[in-house]
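Only one structure is covered here, and it is reproduced in the block below.
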Amino acid sequence: MLMHPWAIWVVVAVVIAALVLGWFARAAKQERRRVAWVANAGYLTALPSFKSRISQYRVLLSCLVVVLFGASIAAGFLVSRPVDREVRSDELATRDIVLCLDVSGSMVEYDTEIVQRFLELLPSFHGERIALSIFNSTSRTVFPLTDDYALVEEQLTEAAEALDFDVDSLDDFSYDAEALDRLLAFLAGTEGLGQDASSLVGDGLATCALAFDLEDEERSRSIILATDNEVFGEPLYTLPEAADLVAERDITLHGFYAGAVTADSAAQEKEYRDAVEDHGGLFYASDDPDAVSGIVDQISAQQAAELDADADVIITDTPETYFAWLMGLLALYLLAVWRLRS
């Protein structure tokens, strides 16, 4: 970003004004110059060599104007002070966040959006620890709580690529076999031995609650749970029981609901909403995967407010790119001037 974007136009205006004044001054000087006519020299202007030199002169002059204008733009950006602006908060750096994702077929599209949004947020993290746990009939920890952001980026990127799969394509056999293999490899460990259970939300949430280091009492702990709460089978924990376990361990639960409209969906949503809100968490319901990004941002903003996280703005000057352009254009300008005079 630029600290003083208006300075670009000031520099450009000054350069244009200087060019106009220089042109008028040159014209006035030429009018006052005494011309010495040479007899029998009229044929010179018709010579091919003369025409070639004049053509070269005009091309070089045009290039000179373009290079000078480009250099003025680069100088304008330098004067405008290009900077990187970074917002940091020591309070937010004490957060532990576990992404707890239901990876049953109906949730894959929403999981993709959540993972991609955290990938976008990753450069703004400084000290926060993140973990990713996925579940269906059983749970799998993709990576534990860590502030190794190179690892987090690698794992989230792999997760986003694997989850970016059109589940509906399975119905008409139009799926990409390679993409399906990638998804199945990522989901390995989330299916039980039998096929009579899926989306055991309570068990998945309870597993996510165990991902925190409870000896680290100075850190804020939260779970972002994404599920449609469509449970098939007999879980060890019901969702309310798992939510109570989360609260007992001093963890804040935030919920994202993406259930389809069915005969049971109203009851499923209410159970999920009550489990989250009764313990002071934030609950969002949406049938639009594109809304996930905004929801994650709202959860982050609410955490900042609860932690009373006054942000520090760190500004770093970044003139390198524009300085390199300016030096290169000035070198071209000097080369063009030398060629015009030779």
Side-chain angles (χ1 to χ4, degrees), residues 84-89 91-135 140-167 179 182-183 186-187 190 201 204-205 208 211 220-229 251-259 272 276 281-307 309 311:
D84 279 337
R85 185 176 181 272
E86 187 177 0
V87 179
R88 294 185 185 179
S89 170
E91 288 80 5
L92 287 180
T94 65
R95 292 185 300 173
D96 285 347
I97 305 169
V98 172
L99 303 181
C100 193
L101 307 183
D102 179 349
V103 290
S104 56
S106 57
M107 286 297 299
V108 167
E109 187 176 7
Y110 298 91
D111 295 336
T112 304
E113 293 293 330
I114 292 174
V115 170
Q116 288 176 343
R117 183 55 185 152
F118 266 88
L119 264 175
E120 295 170 1
L121 292 173
L122 199 57
S124 66
F125 287 173
H126 298 278
E128 292 96 329
R129 297 192 301 183
I130 308 170
L132 175 60
S133 179
I134 59 177
F135 68 89
R140 179 172 82 87
T141 298
V142 180
F143 58 88
L145 278 170
T146 180
D147 57 3
D148 182 348
Y149 296 133
L151 170 67
V152 173
E153 181 178 14
E154 176 186 343
Q155 293 295 318
L156 289 182
T157 300
E158 291 182 5
E161 292 174 351
L163 291 168
D164 189 14
F165 179 82
D166 183 7
V167 178
R182 188 163 54 242
L183 175 64
F186 178 73
L187 299 182
T190 62
V201 180
L205 178 57
C208 291
S220 164
R221 297 182 290 275
S222 62
I223 292 174
I224 297 179
L225 173 65
T227 180
D228 54 12
N229 198 27
I251 303 166
T252 302
L253 174 63
H254 302 298
F256 176 78
Y257 174 75
Y272 190 7
V276 172
L282 300 174
F283 179 84
Y284 298 91
S286 175
D287 58 358
D288 180 10
D290 292 335
V292 172
S293 177
I295 289 171
V296 171
D297 291 344
Q298 291 177 55
I299 292 174
S300 297
Q302 181 64 28
Q303 288 179 326
E306 290 174 351
L307 291 171

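Numbers here are sequence positions counted from 1.
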In Å, rounded to the nearest 0.5 Å, how long is the span from [atom1] of [X] to [atom2] of [Y]?
{"X": "F118", "Y": "E113", "atom1": "CZ", "atom2": "CD", "answer": "13.5 Å"}
{"X": "C100", "Y": "I223", "atom1": "SG", "atom2": "CD1", "answer": "6.0 Å"}
{"X": "E153", "Y": "E158", "atom1": "CD", "atom2": "CD", "answer": "11.0 Å"}
{"X": "S220", "Y": "I251", "atom1": "OG", "atom2": "CD1", "answer": "10.5 Å"}
{"X": "T252", "Y": "R95", "atom1": "OG1", "atom2": "CZ", "answer": "12.0 Å"}
{"X": "E128", "Y": "L145", "atom1": "CD", "atom2": "CG", "answer": "12.0 Å"}

Could you walk me through whether L101 and Y110 pass the side-chain contact (heavy atoms from CB on, under 4.5 Å) check? CA-CA 9 Å; L101 307 183; Y110 298 91; over 6 Å; no
For residues [X] and [Y], determine if any side-chain heavy atom of one lies less than 4.5 Å from a side-chain heavy atom of the other.
{"X": "L183", "Y": "L163", "result": "yes"}
{"X": "F143", "Y": "D148", "result": "no"}
{"X": "D102", "Y": "F135", "result": "yes"}
{"X": "V152", "Y": "F125", "result": "no"}
{"X": "S222", "Y": "H254", "result": "yes"}
{"X": "L225", "Y": "V201", "result": "yes"}
{"X": "I130", "Y": "L122", "result": "yes"}

[X] to [Y] - nearest heavy-atom pair and separation:
{"X": "D228", "Y": "Y257", "answer": "O-CE1, 3.2 Å"}
{"X": "L187", "Y": "T190", "answer": "O-OG1, 2.6 Å"}
{"X": "A226", "Y": "M107", "answer": "C-CE, 3.6 Å"}

Applying side-chain hydrogen bond (donor to acceptor under 3.5 Å, both in side chains), can you list everything that pairs with T112, at least two apart in sequence or on another chain? none
By side-chain hydrogen bond (donor to acceptor under 3.5 Å, both in side chains), which residues pair with D111, not counting sequence neighbours? none
V276: what forms a side chain to side chain contact (heavy atoms under 4.5 Å, CB included) with it, not counting sequence neighbours?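 Once residues adjacent in sequence are excluded, the partners of V276 under the side chain to side chain contact (heavy atoms under 4.5 Å, CB included) criterion are L253, Y272, F283.
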Using side chain to side chain contact (heavy atoms under 4.5 Å, CB included) as the criterion, list what pairs up with A211, not counting sequence neighbours. V98
Residues forming a salt bridge (Lys or Arg N to Asp or Glu O under 4.0 Å) with E120, sequence neighbours excluded: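 So E120 forms a salt bridge (Lys or Arg N to Asp or Glu O under 4.0 Å) with R117.
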Going by salt bridge (Lys or Arg N to Asp or Glu O under 4.0 Å), name the residues that satisfy it together with R140, two or more places apart in sequence or in a different chain.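 By the salt bridge (Lys or Arg N to Asp or Glu O under 4.0 Å) rule, R140 matches no residue at all.
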Before accepting this row, confirm whether a basic side-chain N of the pair D96/R221 lies closer than 4.0 Å to the acidic partner's carboxylate O. no
